Amino acid sequence: MERSIRRLHRTDLPTDTTKLARFLIGKTLVHDLPEGRLSGRIVETEAYVVGDAAAHAFRGQTRRNRSLFLRPGHAYVYFAYGLHNMLNVSSEESGVGAGVLLRALEPLEGIPLMQRRRAQERVTDLARGPGRLAQAMGVSLRHDGLDLCAAGPLWLGASVRPTGEIGKSVRIGISRETERLLRFYERRSPYTSGSRSLRV
DNA sequence: AGTGCGATTGACT
DNA sequence: GTCAATCGCACTA
C-alpha cells in the first residue's frame, strides 16, 4: 500500500542553491519501480554553489556535468571510485551550473527491497551516505539528466511529517573550500552520515 | 590514445 | 586508524 505523497512542482523549489539544500531536508525522494515503490525522507544534503572550487561545475560545463546546468529539479548522477553513484539535484536557472548532493535518507517505503539491494539489514545503514543512498534507491548513471519534477519514475515529494530542527556544518569528503557551512541535516536523525561532531 | 583520480565504502589492523 | 576496489571521464599530447 503506497502512501499518498504530493509531488513537488518546480515552482516549489527555492531558486538559490543553498536555500534549496536546506529546503530539501524533510522532503521525500521516490523511485517507482515495477517491483514496488522505494521512498525515503531526505535528512542530509550539501550545496555546491556557483563559484565554488569544490563543485563539479566550477571549471565550466563538460559532458559529465552538463545536468548541473539544467533548470532546477533535474538529476545529476556522478559515478565515483568505480563503485558509487551520487545523486544531485540541479539548483539554478538553465545555463548556470550548481546543485545539491543528496547524502542520506530515512527509508520509508520499499525497505525490504532496499535491504536486498544493499545486502544490509540495518535500516539506519541503508541510505546513510551518498553512495549507499543511490544503491538503496536504485539510482545510477541511467538517471542522469532526468527531470525530478516531471511525471516520471524518480521524483521529489513533499514532506510526509513535520521536519525536525535543521543543523548545518562543513561538507564531507572534499579538499577545497572546506570551511564553508553548506551541509544541512536533520538534527538527532539516526539516518545521517558523518562523525558525531557533524551530527550535533 | 594514454594517464590520473574522485562530493565513498567496507573490510581489516 | 588504514587501504584497496574499479569505472567514466577530464586532461594532456
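Proteins get letters first, then strands, A, B, ... in listed order; numbering begins at 1 in each. All values derive from a computational prediction rather than experimental measurement. Quick note: numbers below take in every heavy atom, side chains included, and nothing from hydrogens, waters or symmetry partners.
B/dA7 is unpaired under the criterion used here, namely a Watson-Crick or G-U wobble arrangement in which both key atom distances are under 3.5 Å. Checking C/dT6 for Watson-Crick or G-U wobble geometry (two distances, each under 3.5 Å) identifies no partner in any strand.
Considering only the side chain of A/Tyr81, C/dT6 comes nearest among C/dA10, C/dT6, B/dT9. Here the nucleotide nearest the side chain of A/Leu68, chosen from C/dC7, B/dA7, C/dT6, is B/dA7. For A/Thr62, counting side-chain heavy atoms from C-beta on, the closest listed nucleotide (B/dG6, B/dA7, C/dA10) is C/dA10. When distances run from any side-chain atom of A/Asn88 to the nucleotides B/dA7, C/dA10, C/dG8, the shortest one goes to B/dA7.
An OP1 or OP2 oxygen of B/dT9 is reached within less than 4.0 angstrom by no side-chain nitrogen or oxygen of A/Arg118. Close to C/dG8, at under 4.0 Å from its OP1 or OP2, lies no side-chain N or O of A/Arg63. Between A/His84 and B/dT9 there is no side-chain N or O to OP1 or OP2 distance below 4.0 Å.
Straight-line distance from the CG atom of A/Asn85 to the P atom of C/dC7: 12 Å, rounded to whole Å. For the pair A/Arg66 CZ and C/dA10 C1', the computed distance is 15 Å after rounding to whole Å. The CZ-C1' distance, from A/Arg59 to C/dC11, rounds to 9 Å in whole Å. Per the geometry, CG belonging to A/Asp144 stands 15 Å off C1' belonging to B/dA7, to the nearest Å. Across the protein-nucleic acid pair, A/Arg103 atom CZ and B/dA7 atom P stand 11 Å apart, rounded to whole Å. Regarding A/Tyr185, its OH atom lies at a distance of 22 Å from the P atom of B/dA7, rounded to whole Å. Atom pair A/Tyr78:OH and C/dC7:C1' shows a separation of 10 Å (rounding to whole Å applied). Following rounding to the nearest Å, A/Glu121 (CD) and B/dG10 (P) show an atom-to-atom distance of 14 Å.
For the atom pair A/Glu179 CD and A/Arg171 CZ, the distance stands at 10.5 Å (nearest 0.5 Å). Note that CD1 of A/Ile42 is 12.5 Å distant from OG of A/Ser189, once rounded to the nearest 0.5 Å.
One finds no salt bridge joining A/Asp147 and A/Arg71 here, because no Lys/Arg side-chain nitrogen approaches an Asp/Glu carboxylate oxygen to under 4.0 Å. Taking a cutoff of 4.0 Å between a charged side-chain nitrogen and a carboxylate oxygen, A/Lys27 and A/Asp12 do not qualify as a salt bridge. Look at A/Glu106 and A/Arg161 and you find a salt bridge, because one of the NZ, NE, NH1 or NH2 atoms lies within 4.0 Å of a carboxylate O, short of that distance.
For the P atom pair drawn from C/dT6 and B/dC12, the interatomic distance equals 15 Å after rounding to whole Å. For the P atoms, the distance from B/dC5 to C/dA13 is 15 Å, rounded to whole Å.
Once the 5.5 Å centre distance and the 30° plane angle are applied, the aromatic ring of A/Tyr48 is found stacked with the base of B/dA7.
Using a 4.0 Å heavy-atom criterion, one finds that A/Ile174 contacts the sugar-phosphate atoms exclusively.
Of the two residues contacting DNA chain B, namely A/Gln135 and A/Gly99, the nearest-nucleotide position lying further toward the 5' end is that of A/Gly99.
A donor and an acceptor atom, one from each side chain of A/Arg122 and A/Thr124, are located under 3.5 Å apart.
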